[in-house]
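Remarks on the structure that follows.
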Amino acid sequence: MGCSSSTAKAEGRKEKIRRPKSWKHPQPISRAELTQMREEFWDTAPHYGGKKEIWDALRAAAEEEDLSLAQTIIESAGVIVHNADLTICYDEKGSKYELPKYVLRDPSNLIRTK
């Protein structure tokens, strides 16, 4: 008798994105080290598959402070959010995009300089 109502609800539901939970790097790191890790990830990620346009949208959303604007970026690019914290997403063709927490949120043990 068609699709079940729970499937229809899941397909029609828009997941609101959120920042990942607080996390801690194995050792305290500086802002410069964190920035370098992020740059290396974004520079190499597209080489492991998926579309560059989706990677670009994920980066823009990850770097956006305003979550509602980040949500708009994700939706406009056609990204399917699997985990609300953006750690796992898919594109419309089913390619998987995994984002490490360090590109989505600063660690709790980030060295703060004055």
Side-chain angles (χ1 to χ4, degrees):
M1 300 196 123
C3 62
S4 72
S5 61
S6 62
T7 303
K9 284 180 187 173
E11 288 173 357
R13 182 175 55 116
K14 292 278 187 199
E15 182 103 31
K16 283 206 175 257
I17 62 171
R18 60 175 170 74
R19 296 281 175 227
K21 293 180 181 171
S22 183
W23 67 281
K24 189 174 185 178
H25 194 271
Q27 66 271 352
I29 62 171
S30 68
R31 172 67 61 191
E33 291 169 315
L34 180 61
T35 299
Q36 182 178 354
M37 287 173 56
R38 288 176 173 171
E39 287 299 323
E40 287 174 6
F41 173 79
W42 293 119
D43 286 346
T44 59
H47 300 291
Y48 293 102
K51 295 199 246 174
K52 182 174 181 344
E53 301 81 30
I54 299 295
W55 284 115
D56 290 346
L58 288 170
R59 181 176 187 168
E63 294 175 350
E64 179 55 56
E65 290 295 321
D66 180 351
L67 283 179
S68 63
L69 184 52
Q71 180 88 40
T72 301
I73 293 167
I74 292 298
E75 290 174 2
S76 297
V79 174
I80 300 161
V81 177
H82 185 265
N83 291 355
D85 64 4
L86 297 181
T87 53
I88 299 178
C89 299
Y90 294 89
D91 64 22
E92 294 166 332
K93 292 190 175 188
S95 296
K96 186 176 185 180
Y97 300 80
E98 293 186 64
L99 303 182
K101 287 183 181 178
Y102 66 81
V103 301
L104 299 165
R105 183 174 185 159
D106 292 348
S108 60
N109 59 342
L110 182 68
I111 299 169
R112 310 247 183 233
T113 56
K114 295 184 181 194

- Item | Step-by-step side-chain contact (heavy atoms from CB on, under 4.5 Å) determination, Asp91 to Ile80 | CA-CA 6 Å; Asp91 64 22; Ile80 300 161; over 6 Å; no

- Item | Tyr102 side-chain N/O to Trp23 backbone N/O, donor-acceptor pair under 3.5 Å | no

- Message: Once rounded to the nearest 0.5 Å, what's the spacing between atom NZ of Lys21 and atom CZ of Arg105?
- Response: 11.0 Å

- Item | Candidate pair Gln71 and Leu67, rule side-chain contact (heavy atoms from CB on, under 4.5 Å), full reasoning | CA-CA 6 Å; Gln71 180 88 40; Leu67 283 179; over 6 Å; no

- Item | Gap separating the CH2 atom of Trp42 from the CZ atom of Arg59, nearest 0.5 angstrom | 7.0 Å

- Report the distance from atom CD1 of Ile74 to atom NZ of Lys16, rounding to the nearest 0.5 Å. 14.0 Å

- Query: Do Leu104 and Leu69 sit in the same hydrophobic cluster, where Ile, Leu, Val, Met, Phe, Trp and Tyr count as joined when their side-chain heavy atoms come under 4.5 Å apart?
  - Reply: no

- State whether the number of non-hydrogen atoms from other residues, nucleotides or ligands found under 6.0 Å of His82 atom NE2 is greater than 12. no

- Query: Which ILVMFWY residues are connected to Tyr48, directly or by a chain of links, through side-chain heavy atoms under 4.5 Å apart?
  - Reply: none

- About how many Å separate NE2 of His25 and CE of Met37, when rounded to the nearest 0.5 Å? 4.0 Å

- Are Ile54 and Ser95 close enough that some pair of their side-chain heavy atoms sits under 4.5 Å apart? no

- Query: Transitively linked via ILVMFWY side-chain contacts under 4.5 Å: Tyr90 with Leu86?
  - Reply: no

- Message: How close do Leu58 and Cys89 get, counting heavy atoms only, and between which atoms?
- Response: CD2-SG, 4.0 Å

- Task: Please confirm whether the backbone N or O of Leu99 pairs with a side-chain atom of Thr87, one donor and one acceptor, at under 3.5 Å?
- Result: no

- Item | Non-neighbouring partners of Glu98 that pass side chain to side chain contact (heavy atoms under 4.5 Å, CB included), sequence neighbours left out | Ile88, Lys96

- Note: Asp85 and Pro20 closest approach over all heavy atoms is CB-CA, 3.7 Å

- Which of Glu39, Glu40, Arg38 passes side chain to side chain contact (heavy atoms under 4.5 Å, CB included) with Gln36? Answer is Glu40

- Do Ile73 and Phe41 belong to the same hydrophobic cluster, where Ile, Leu, Val, Met, Phe, Trp and Tyr are linked whenever their side-chain heavy atoms lie under 4.5 Å apart, directly or via other members? no

- Task: May I ask you to test the His47-Trp55 pair for a side-chain heavy-atom distance under 4.5 Å?
- Result: no

- Item | For Ser108 against Ser22, the heavy-atom pair lying closest together | CB-OG, 3.7 Å

- Spacing of Asp106 atom CG and Arg31 atom CZ [to the nearest 0.5 Å]: 4.0 Å

